[in-house]
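Read the structure below first, then the notes.
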Amino acid sequence: MAGDLREGRIVIIGASLAGLRAAETLREEGFTGSLTVVGDEPHPPYDRPPLSKQVLLGQAAADATGLPMRRDPDADWRLGVRATGLDPLGKRVVLADGESLPFDRLLIATGTRARPWPNPEEAALDGVFTLRTCDDAGRLAERLAAGPRRVLVIGGGFTGSEVASACRERGLEVTVTERGPAPLVGALGGTLSKLAAGMQRRHGVDLRCGATVTALRGDGDGRFTGADLSDGSHVNADVCVVALGAVRNVEWLADAGLAAGPRGVACDAGCRAFDMYGIVTDDVFVAGDVSRFPHPLFDYQLLSLEHWGNAVAQAEVAAYNMVNPGPLRRPHLALPTFWSSQFGLNIKSVGVPTFSDQIVLAQGSLEERRLTMVYGYRGRVTAAVTVNMAKSLEYYQHLIETAAPFPPVPGAADRPIAADIPFPSDVPDPKGLSHGPIVALTGHLPDRRLTVVRPG
């Protein structure tokens, strides 16, 4: 059985980080069959985190962010072509160029794309950008280098905040609009979002919270000139960055019968996709940003993550399980982690801060802008966020993994924890935010096409 799984035809849809790491792992695990990787972008796999940081600052070229290969996966790369359909019974993937790719096992790693501005005419104005691909970053970096009078950033999530930070570092005037009460509130909760808001304003950002952009305006030649806000004000700007979160690339699976929807493709802890009735498939696997998977540390709720580390870890688990029989398969149990650098802050997180009801300031202080915030849910530690104190994170990761009591007892290496009295984590409803969360407990999302099947 194990020998059979190391042969045959495997197709990976998605040629980014998860797709590449899965291809490498398949070969490392002894897969000797044919391997095809399909990607809708014409570029080989590249790294996305530098796009909103070094590339926008002019410190790196957009086309110089390619991912290093740990080994040559000996794959047939089909780049610049989109998958448009999946026939799970016939075991074929349909491509936009009309080709039909047969497979024995399939890995879905199509990731996400930037959520566009909802008005297509306004979105098409010259000077309106989204930031997801290296081409996006290259065009935006070129426009920032030209020295616009003002940049408008719509959305105060991590991407929007990093773009604003790069603009200020370049000496550009920038306005950030966020429908919620503060930037980063959807990811970090109310307390740390206040720190983020203070840092943005301290660095000269014109931060408009509790406000939404109602219309983008242009001149007679189709160039962006500014935006109207819900509070009746108007912002004059010549560059606009739409940072409204991500859209999962699942439309091509609409008729595939899988549990695929706006929140991603649901799978088990072994990365095997569920069909629309909740039955696990044997030959279709999922990894990366497009997946929704259960995690025992978070009440087995389905997690959707837009994280570099999760894409790597899940791709490796999926690839391992594609070529190993059932008793040897591994679960994907890695804790979510992410990091961000903005406005002089190094923010790192482990666990799921939104899966919390209380927080405690375990180390440092908001005034010092150097601290560790620990999150708890129903009396146990579920997440920790450090600001300019990253070396403490490993300690808290262990607490999360062992379901340690909340609030935590003293013991971090930096200094004895002087934990204050816990207070509410103040995590808002994502529906009230401009930016989508990068970690989401997606819960139950029923498929309205289902019909109840009764025997007899």
Side-chain angles (χ1 to χ4, degrees), residues 51-52 55-56 62 112-168 170-186 197 200-201 203-249 262 342 430-438:
L51 301 183
S52 59
V55 172
L56 293 192
T112 64
R113 62 186 185 276
R115 187 178 300 280
W117 182 248
N119 185 313
E121 288 187 10
E122 295 175 4
L125 290 169
D126 179 39
V128 177
F129 298 85
T130 56
L131 181 58
R132 173 64 184 172
T133 69
C134 65
D135 291 337
D136 293 339
R139 288 190 290 264
L140 179 55
E142 184 178 346
R143 192 63 64 95
L144 296 183
R149 291 169 300 148
R150 178 171 292 274
V151 178
L152 170 65
V153 179
I154 305 176
F158 278 100
T159 297
S161 297
E162 289 174 0
V163 170
S165 178
C167 288
R168 292 304 297 142
R170 278 183 172 270
L172 301 174
E173 297 297 318
V174 59
T175 296
V176 175
T177 64
E178 168 53 53
R179 183 167 60 176
L184 307 184
V185 67
Q200 290 201 14
R201 292 191 169 109
H203 281 80
V205 174
D206 173 26
L207 179 61
R208 313 280 189 94
C209 295
T212 57
V213 172
T214 56
L216 303 182
R217 300 299 183 185
D219 61 15
D221 296 321
R223 288 189 293 261
F224 171 73
T225 59
D228 298 333
L229 271 60
S230 58
D231 60 7
S233 63
H234 181 83
V235 175
N236 292 313
D238 35 14
V239 170
C240 173
V241 182
V242 179
L244 296 176
V247 179
R248 266 85 187 164
N249 292 318
Q342 51 184 274
K431 294 177 183 177
L433 307 176
S434 297
H435 60 283
I438 59 170

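Although no hydrogens or angles enter the test, the distance criterion places a donor-acceptor pair under 3.5 Å between the side chain of Arg201 and the main chain of Leu207. Listed for the Ser230 side chain is a donor-acceptor partner under 3.5 Å among the backbone atoms of Thr212. Of the possible polar contacts, none joining the Asp238 side chain to the Pro148 backbone as a donor-acceptor pair under 3.5 Å is found. A side-chain donor-acceptor contact under 3.5 Å links Asp219 to the backbone of Gly222. Side-chain N or O atoms of Arg170 include one that pairs as donor or acceptor with a backbone N or O of Leu56 at under 3.5 Å.
Considering only heavy atoms from C-beta on, Thr130 stays 4.5 Å or farther from Trp117 through its side chain. Within the 4.5 Å cutoff, side-chain heavy atoms of Arg168 are placed close to those of Val174. In this structure, the side chains of Leu51 and Cys134 come closer than 4.5 Å at one or more pairs of heavy atoms. With a 4.5 Å cut-off on side-chain heavy atoms, Cys167 and Leu144 count as touching. With a 4.5 Å cut-off on side-chain heavy atoms, His234 and Asn236 count as touching. The shortest side-chain heavy-atom distance between Leu184 and Phe158 falls under the 4.5 Å cut-off.
The minimum heavy-atom distance between Val153 and Ala243, with the atom names listed, is CG1-CB, 4.5 Å. Closest approach of Ala166 to Ser52, counting heavy atoms only: CB-O, 4.4 Å. The shortest heavy-atom contact between Leu172 and Gly147 is CD2-CA, 4.1 Å. The heavy-atom pair separating Val176 from Ala164 by the smallest distance is CG2-CB, 3.7 Å. Between Thr175 and Arg208, the shortest heavy-atom contact is CG2-CG, 3.9 Å.
Among residue pairs with one or both ends in residues 224-237, those qualifying as salt bridge (charged side-chain N to carboxylate O under 4.0 Å, His left out) are Arg217-Asp228; sequence neighbours excluded.
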**Pair Ile154-Leu216, side-chain contact (heavy atoms from CB on, under 4.5 Å): steps then yes or no** = CA-CA 11 Å; Ile154 305 176; Leu216 303 182; 4.0 Å; yes
**Message:** Applying side-chain contact (heavy atoms from CB on, under 4.5 Å) to Leu140 and Val239, what does each step give before you reach the verdict?
**Reply:** CA-CA 9 Å; Leu140 179 55; Val239 170; 4.1 Å; yes
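With 3.5 Å as the limit, one finds a donor-acceptor pair spanning the side chains of Thr112 and Arg132.
Taken to the nearest 0.5 Å, the CD atom of Gln200 stands 4.5 Å off from the OG atom of Ser161.
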